[in-house]
Amino acid sequence: MISSQNIPHLIKYMGAKREILEYVTGSIQNLNVDSEWLCDLFSGTSIISASLKDEYNIHANDIQQYSAIFSNTYLLNLNRLIPPLQIQEIEERVCFLVSEFKKRYPQLEFDYTQITNYKELQQLEKAQQELINFDFGIGFNLFTKYYSGTYWSFEQCVWIDSIRAIAEDYIGTPSYYAILSALIFSMSYASQSTGHFAQFRDVTESNMNDILIYRHKNIWNLFSKKFEELISTLNIETNFEYKVTSLDYMDCLRVIEKNSIVYADPPYSTVHYSRFYHAIETLVRYDHPIIKYKGRYRDDRHQSPFDKKKEVRNAFKLLFEGVKNRESHLVLSYSNNGMISQEEILNIGNSILGKGYKCDLQSREYIHSKMGRSDEYQLDVNELIMSYKKV
């Protein structure tokens, strides 16, 4: 197993398993089955895949395409595959695009250094938000047009677009994944929101100074530091295979290798991940989607049946059936604060898998971050691991 210290952090993420990584991976290893493949079915940040890539062939899957970027980043030996001085080449090309953009639109200048009160800051933010109606005549303007003055400033968005443009030249190489992962990291830690992209904060007198701190964060500095960390840290050479897919979980379960270990960590709240991470999904796809509401969400964002009260029972039924049909094993992680009780899940699993599987239960309490979604920023969680070993 690879220690979490050797898995670089890439994003602030709800429900990430980094804090209980050894507990989860230990449950997978303790199955003691002769399986060559591990399918990380809802891979998210892909930390489970990353930690076990030296013990199994990995099939990392998540319907969100940004997750595939994390998986490909972690599962590659970037230290061997990316030249150490490539960051200088990238910087030169990105700076050229930033300069070209600013020369094209010299009138678009938004100065945060002269702000003296929150009303001035409100006006400055509002002026940038109006750029969504601006007719840009230059390519790679998506974030500058859609998101200036929201999660990021105009200046930050120009850098985001420019780095994203250069990433295109590296498609088909390991550098592509490293560039996008480092860019997602810089976006996550420069955003003035509370750790996700469900809503950006409206300026008030009380939060003005905090927002200004984030507006002054330098996208390139955050990006380049993380890019270099990825190259220096991801240096594990293995003889195992891996594949990455962006499939619905039911589709993925139909194509996994027989006798796989399936690790399933489905969403368990009423809030869809696509609402909280729509912006990085758009960064990866860069497809100029129709956006809606204050948060400027994609109108085609995925909504999981695991997040819907009327569909969650059937979603679990299909999950257990999919594992059984491929004669595989299952390690299922679920919180006691989910859409369905842990007891109900056990009943569904036992009714479908029956005597052909041996079930083992483990539980672990830990503090789960709510990412600023309420007045309580942390929540005590009991995480139950349900292990189903085919006999």
Side-chain angles (χ1 to χ4, degrees), residues 65-66 94-168 180 183-184 186-188 190-194 196-205 207-208 210-212 214-220 272 274-302:
Q65 291 185 29
Y66 63 76
V94 169
C95 287
F96 175 82
L97 291 186
V98 170
S99 176
E100 182 182 48
F101 196 106
K102 290 182 176 181
K103 287 178 181 177
R104 183 76 172 262
Y105 305 106
Q107 75 276 23
L108 299 180
E109 185 174 352
F110 304 93
D111 188 1
Y112 284 90
T113 64
Q114 304 302 314
I115 296 297
T116 60
N117 60 70
Y118 79 98
K119 290 187 176 180
E120 290 178 354
L121 182 55
Q122 285 179 335
Q123 293 171 356
L124 189 64
E125 299 272 278
K126 180 65 175 177
Q128 293 170 77
Q129 292 165 23
E130 290 299 320
L131 290 177
I132 196 168
N133 300 312
F134 189 84
D135 185 17
F136 286 96
I138 191 172
F140 285 93
N141 62 59
L142 192 160
F143 275 76
T144 308
K145 181 179 179 67
Y146 281 18
Y147 297 112
S148 290
T150 63
Y151 307 102
W152 306 278
S153 69
F154 167 82
E155 175 75 12
Q156 290 167 333
C157 285
V158 171
W159 281 90
I160 291 169
D161 281 325
S162 298
I163 295 171
R164 181 63 183 84
I166 295 305
E168 287 294 301
L180 288 188
L183 181 53
I184 289 170
S186 67
M187 291 166 63
S188 180
S191 170
Q192 60 97 307
S193 61
T194 57
H196 54 70
F197 312 111
Q199 294 282 353
F200 56 88
R201 291 185 290 175
D202 291 321
V203 176
T204 65
E205 189 171 11
N207 70 16
M208 167 187 159
D210 189 53
I211 288 177
L212 283 173
Y214 285 94
R215 290 307 193 218
H216 288 298
K217 286 185 178 290
N218 186 294
I219 291 289
W220 176 258
H272 297 276
S274 58
R275 177 172 178 256
F276 283 78
Y277 300 102
H278 63 95
I280 62 170
E281 183 74 359
T282 296
L283 176 81
V284 173
R285 294 167 65 172
Y286 215 81
D287 54 355
H288 297 266
I290 297 171
I291 57 174
K292 295 181 177 180
Y293 310 115
K294 178 194 170 183
R296 303 194 174 185
Y297 313 129
R298 304 177 61 92
D299 74 334
D300 63 348
R301 60 190 182 87
H302 173 70

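None of the values given here were measured: they were computed from a predicted structure.
- The ring pair (Phe, Tyr, Trp, His ring centres under 6.0 Å) test with W152 singles out one residue from W159, F197, F200, and that residue is F197.
- The side chain to side chain contact (heavy atoms under 4.5 Å, CB included) search around Q65 returns S246, E281, V284, R285, not counting sequence neighbours.
- Contacts classified as side-chain hydrogen bond (donor to acceptor under 3.5 Å, both in side chains) and involving residues 135-150 (residues at least two apart or in different chains) are given here: T144-D161.
- Using a 4.5 Å heavy-atom threshold, the side chains of F154 and V158 count as touching.
- In this structure, CD1 on I211 lies 4.5 Å from CD on Q192, to the nearest 0.5 angstrom.
- A heavy-atom distance below 4.5 Å is not found between the side chains of L97 and F140.
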- request: Check the pair Q122, D202 against side chain to side chain contact (heavy atoms under 4.5 Å, CB included), reporting the backbone distance first and the verdict last.
  value: CA-CA 8 Å; Q122 285 179 335; D202 291 321; over 6 Å; no
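- A salt bridge does not link E155 with R215: none of the charged nitrogens is closer than 4.0 Å to a carboxylate oxygen.
- Using a 4.0 Å cut-off between a side-chain N of Lys or Arg and a carboxylate O of Asp or Glu, K126 and E130 qualify as a salt bridge.
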task: Go through S193 and R201 one step at a time and tell me if the side chain to side chain donor-acceptor pair (under 3.5 Å) criterion holds.
output: CA-CA 6 Å; S193 61; R201 291 185 290 175; over 6 Å; no
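- For F136 and F101, the ring centers sit closer than 6.0 Å to each other.
- Two rings, from H278 and F276, have their centers 6.0 Å or more apart.
- Note that SG of C95 is 6.5 Å distant from CH2 of W220, once rounded to the nearest 0.5 Å.
- For the pair F110 and L108, the minimum side-chain heavy-atom distance is below 4.5 Å.
- In summary, the side chains of E120 and Y112 do not present any donor paired with an acceptor at a separation below 3.5 Å, with no hydrogens or angles considered.
- Note that CZ of R298 is 10.0 Å distant from CD1 of I290, once rounded to the nearest 0.5 Å.
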